[in-house]
Amino acid sequence: MSAGRRAATLPVRFFSRPAEIVARELIGTIMRSEVDGVVTAGRIVETEAYLGESDPASHGYLGRRNTRNAAIFGPPASWYVYLSYGMHWCANLVAAREGEAAAILIRALEPLEGIEAMRARRGSVADRHLCAGPGRLCQALGITRDLDGRMMDGSPVLVHAGPAAEPSPIRAGPRIGITKAADWPLRFVLAGSPWISRP
DNA sequence: GCGCCGATTGGCT
DNA sequence: GCCAATCGGCGCC
């Protein structure tokens with residue numbers, strides 16, 4: 001029918017695997033938002049895996065549920081969005097199996113589309129900082145609690161495969177900004193990318 | 001009910 | 001490099 005073809009959203013089975021695998025393979029994929037009629041998109045260059053009830057840093061550690069973290073216990077390929085430090089939204093994709101509390105925090109994007117809209121939402125910051133951090137990218141893409149608990153497919157924010165050739169290597173390192181089990185090598189970055197939140 | 005802490009960020013020393 | 005902003009959850013009185 002139409003000449004244009006939208007890239008296929010990553011399927012549920014992609015997310016139905018261990019969170020550290022999903023976190024690594026999300027590097028290089030494209031995150032696309034359409035909020036208030038505005039399209040913004042970027043390449044995922046930094047992620048962090050949280051492994052579930054047995055991971056002291058997971059919001060679902062020991063299976064403890066509350067109002068804020070309910071969505072992390074949801075099905076794979078659904079969003080878990082929470083308010084950090086009372087100010088910043090942070091977006092995760094739920095992975096593994098429903099009830100496990102495993103999720104991938106999206107930590108940085110390379111801006112690709114809707115950059116003017118990102119600038120308008122972010123205020124006067126250097127382009128380098130438009131999406132360099134979990135709170136920053138949510139602001140740039142217009143992500144708020146509205147996304148929390150929704151299945152990715154059919155929601156305003158989707159992730160789809162990036163360009164076929166991805167020559168740049170992916171590096172793993174310690175997680176950032178946490179105090180418990182921070183040294184677990186569950187942060188993944190696109191090596192050499194200038195768009196990551198921290199070197 | 002009260003105080004402390006956190007998967008952060010931006011401004012100031 | 002240090003620190004305040006700001007709010008929900010949790011431990012404790």
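Lettering of chains follows the sequences in order, A, B, ..., and the numbering in each one begins at 1.
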> For dG8(C), does OP1 or OP2 lie under 4.0 Å from any side-chain N or O of Arg145(A)?
Replying inline: no
> Does the cation-pi check pass for Arg65(A) over Phe73(A), that is, NZ or CZ under 6.0 Å from the six-membered ring centre and within 45° of its axis?
Replying inline: yes
>> Run through DNA chain B and report every stem of 3 or more consecutive Watson-Crick or G-U pairs, distances under 3.5 Å, ordered by first number.
In response: B:1-6 with C:7-12, B:8-12 with C:1-5
> Where is the tightest heavy-atom contact between Ser197(A) and Ala108(A), given as atom of each residue plus distance?
Replying inline: N-CB, 4.0 Å
>> Within 45 degrees of the ring normal and closer than 6.0 Å to the centroid, is that where the cationic atom of Arg17(A) sits relative to Phe14(A)?
In response: yes
>> Nearest whole Å is fine: how far is dC5(B) P from Asn66(A) CG?
In response: 19 Å
> Roughly how many Å is it from CH2 in Trp89(A) to C1' in dT6(C), rounded to a whole number?
Replying inline: 12 Å
>> Using every non-hydrogen atom in the two residues, find where Asp148(A) and Arg68(A) come nearest and quote the distance to one decimal.
In response: OD2-O, 4.5 Å
> Within a radius of less than 6.0 Å around CG of Asp183(A), do more than 12 heavy atoms belonging to other residues, nucleotides or ligands occur?
Replying inline: yes
>> Using a 4.0 Å heavy-atom cut-off, does Arg187(A) contact any base of the nucleic acid, only the sugar-phosphate backbone, or nothing at all?
In response: nothing
> If the C1' atom of dG8(C) is compared with that of dG10(B), how far apart are they to the nearest Å?
Replying inline: 22 Å
> Just to confirm, is there a sub-4.0 Å distance from OP1 or OP2 of dG9(C) to any side-chain nitrogen or oxygen of Asn69(A)?
Replying inline: no
> Under the side-chain hydrogen bond (donor to acceptor under 3.5 Å, both in side chains) test, which residues partner Arg175(A), sequence neighbours left out?
Replying inline: Asp55(A)
> Tell me, for nucleotides 6-13 of chain B in 5' to 3' order, what letter each nucleotide earns: B for a base near a protein heavy atom under 4.0 Å, S for only sugar-phosphate near one, - for neither?
Replying inline: BBBSS---
> Below 6.0 angstrom between ring centroids: does that apply to His59(A) and Tyr50(A)?
Replying inline: no
> Does dG9(C) have OP1 or OP2 sitting under 4.0 Å from an N or O in the side chain of Thr67(A)?
Replying inline: yes
>> Just by distance, no angles: are the side chains of Gln139(A) and Arg121(A) close enough, under 3.5 Å, to form a donor-acceptor pair?
In response: no
